[in-house]
**Q** 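The structure's right below; bear with me while I get my questions together.
Numbering of ligands and ligand atoms starts at 1, following listing order.
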Amino acid sequence: MKVGFIGLGHMGAAMAGNLIKAGHEVTAYNRTPEKAAALVAAGARVAGTVSEASQGDAVMTMLANDEAVESVVLGRDGIVSSLRSGALHVSSSTISVALSERLSREHAQRGQRYIAAPVFGRPDAAAAAQLVVVAGGDKTAVEAARPLLEAIARRVFVAGEAPQAANLVKLSGNFLNASVIESLGEAFALITKGGIDRQRYLEILGSLFNVPAYNIYGALIAGGRFEPAGFAAPLGQKDIRLLLAAADSLGVPMPLGGLLRDRFLTLIAHGGERLDWSAIGALPAQDAGLTAARDRLAS
Ligand SMILES: NC(=O)c1ccc[n+]([C@@H]2O[C@H](COP(=O)([O-])OP(=O)(O)OC[C@H]3O[C@@H](n4cnc5c(N)ncnc54)[C@H](OP(=O)(O)O)[C@@H]3O)[C@@H](O)[C@H]2O)c1
């Protein structure tokens, strides 16, 4: 397919690279143009504007947050005013349910097709085309997007015919990931203060809970390795904020979500913007008076 790709951050650059490897003709745009250099070497064409990247069969976006998506999609010379009728927007950013609903309406008014296709997996999984994609949207639009989704994913799920169903599933999944980080952080604080070797404990966990969330975040918390960030703390904070907004509008109390909201506020207030979101897993150790965690957050 002739596809535009907008947003070449930690995830987007790798995803666009895999579209090229799968044989798609990619025209890439990024607000900071320098980040497109590696993709050009891989065979992408670079667009100077959002509009130029929106002239093909489809355009895929992988942007930081609602504000970025609003400005790129709905702003002056943005995607909705550039995409031809019948062409497809595949939105992979983790955004609010409310914005996804709005994008559905805006695209539909212009005869354009829109699906939400948020992803699970960190930048290493994106580089290896091993993401889990959860798509939402009209069946024929999802099928039209399938060659793009399969180029970046190990599994593609369809959440439903409403695009925002996929956004809600994504937010719920990151709530579960953040809850695992919190509980791992509490368990590590406990065993560390009790004098137990953290790496040995990690091995024990590996045989009890052998799933990606425990393996990935257990290793990061055991090693205190929160830099460089694969998924930056402000983006994790954003996901919990969006989760709570969705819970609020659906009338669902999520007390654990409130606790995670406060964890991110604490992390960012202590200068954690540059750290990986799993650094909230160091806060229970800090609460327990363990010096290493305090040093880690202060550095
Ligand atoms: N990292 C992960 O592990 C992961 C996993 C799954 C889903 N996600 C989600 O995927 C999305 C991207 O994450 P990421 O880690 O790739 O983030 P990132 O590395 O921070 O990249 C963000 C991208 O958004 C662009 N951007 C930000 N604000 C913008 C604006 N106002 N106008 C235009 N472009 C703007 C950035 O452009 P510049 O280069 O110019 O700053 C960059 O291309 C987020 O929604 C995140 O929640 C991330």
**Q** Where does the angle between the aromatic ring planes of Trp277 and Phe231 fall among parallel (under 30°), tilted (30 to 60°) and perpendicular (over 60°)?
**A** perpendicular

**Q** Would you call the rings of Tyr214 and Phe209 parallel, tilted or perpendicular if under 30° counts as parallel and over 60° as perpendicular?
**A** parallel

**Q** Can you figure out which of Thr94, Val50, Leu63 has its heavy atom closest to atom 11 (C) of ligand 1?
**A** Leu63

**Q** For Asn30 and ligand 1, does the shortest N/O to N/O distance drop below 3.5 Å?
**A** yes

**Q** Using the side chain to side chain contact (heavy atoms under 4.5 Å, CB included) rule, pick out the option among Ser93, Ser100, Ser96 that qualifies with Asp66.
**A** Ser96

**Q** Which of the listed options, Gly230, Ala64, Pro118, holds the heavy atom that is closest to atom 44 (C) of ligand 1?
**A** Ala64

**Q** Does ligand 1 come near enough to His10 that some N or O of the ligand is less than 3.5 Å from an N or O of the residue?
**A** yes

**Q** My understanding is that we take every heavy atom of each candidate and find the minimum distance to atom 5 (C) of ligand 1. Doing that for Gly236, Gly7, Gly121, Ala125, which one comes out nearest?
**A** Gly121

**Q** Does ligand 1 have a heavy atom under 4.0 Å from the side chain of Lys170, from its backbone, from both, or from neither?
**A** side chain

**Q** Does ligand 1 have a heavy atom under 4.0 Å from the side chain of Leu8, from its backbone, from both, or from neither?
**A** backbone

**Q** Atoms of ligand 1 less than 4.0 Å from Pro123 heavy atoms?
**A** 3 (O)

**Q** Does a donor on one side chain and an acceptor on the other come within less than 3.5 Å for Asp77 and Ser51?
**A** no

**Q** So that I can tick it off, tell me whether Arg200 and Glu203 are bridged by a salt bridge, with the cut-off set at under 4.0 angstrom between side-chain N and carboxylate O.
**A** no

**Q** I'd like to check which ligand 1 atoms, numbered from 1 as shown, lie under 4.0 Å from a non-hydrogen atom of Val119.
**A** 6 (C), 7 (C)

**Q** Is Arg122 salt-bridged to Asp276, going by a charged N under 4.0 Å from an acidic O?
**A** yes

**Q** Counting each atom of ligand 1 from 1 as listed, which ones have a heavy atom of Val72 under 4.0 Å away?
**A** 33 (C)

**Q** Heavy-atom contacts with Lys238 under 4.0 Å: which atoms of ligand 1 show up? List them by number with element.
**A** 44 (C), 45 (O), 46 (C), 47 (O)

**Q** In terms of ring plane angle, is the pair Phe188 and Tyr201 parallel, tilted or perpendicular, where the classes change at 30° and 60°?
**A** perpendicular

**Q** Salt-bridge test for Arg110 and Glu106: reply yes if a basic N is under 4.0 Å from a carboxylate O, no otherwise.
**A** yes

**Q** Between ligand 1 and Glu67, can you find any atom pair, the residue atom being a heavy atom, that is separated by under 4.0 Å?
**A** no

**Q** Looking at non-hydrogen atoms alone, which of Lys35, Met11, Arg122, Arg31 comes nearest to atom 26 (N) of ligand 1?
**A** Arg31

**Q** Identify the residue among Arg84, Arg113, Lys2 that makes a salt bridge (charged side-chain N to carboxylate O under 4.0 Å, His left out) with Asp57.
**A** Arg84

**Q** May I ask which of Thr32, Thr61, Asn174 has a heavy atom nearer to atom 38 (P) of ligand 1 than the others do?
**A** Thr32

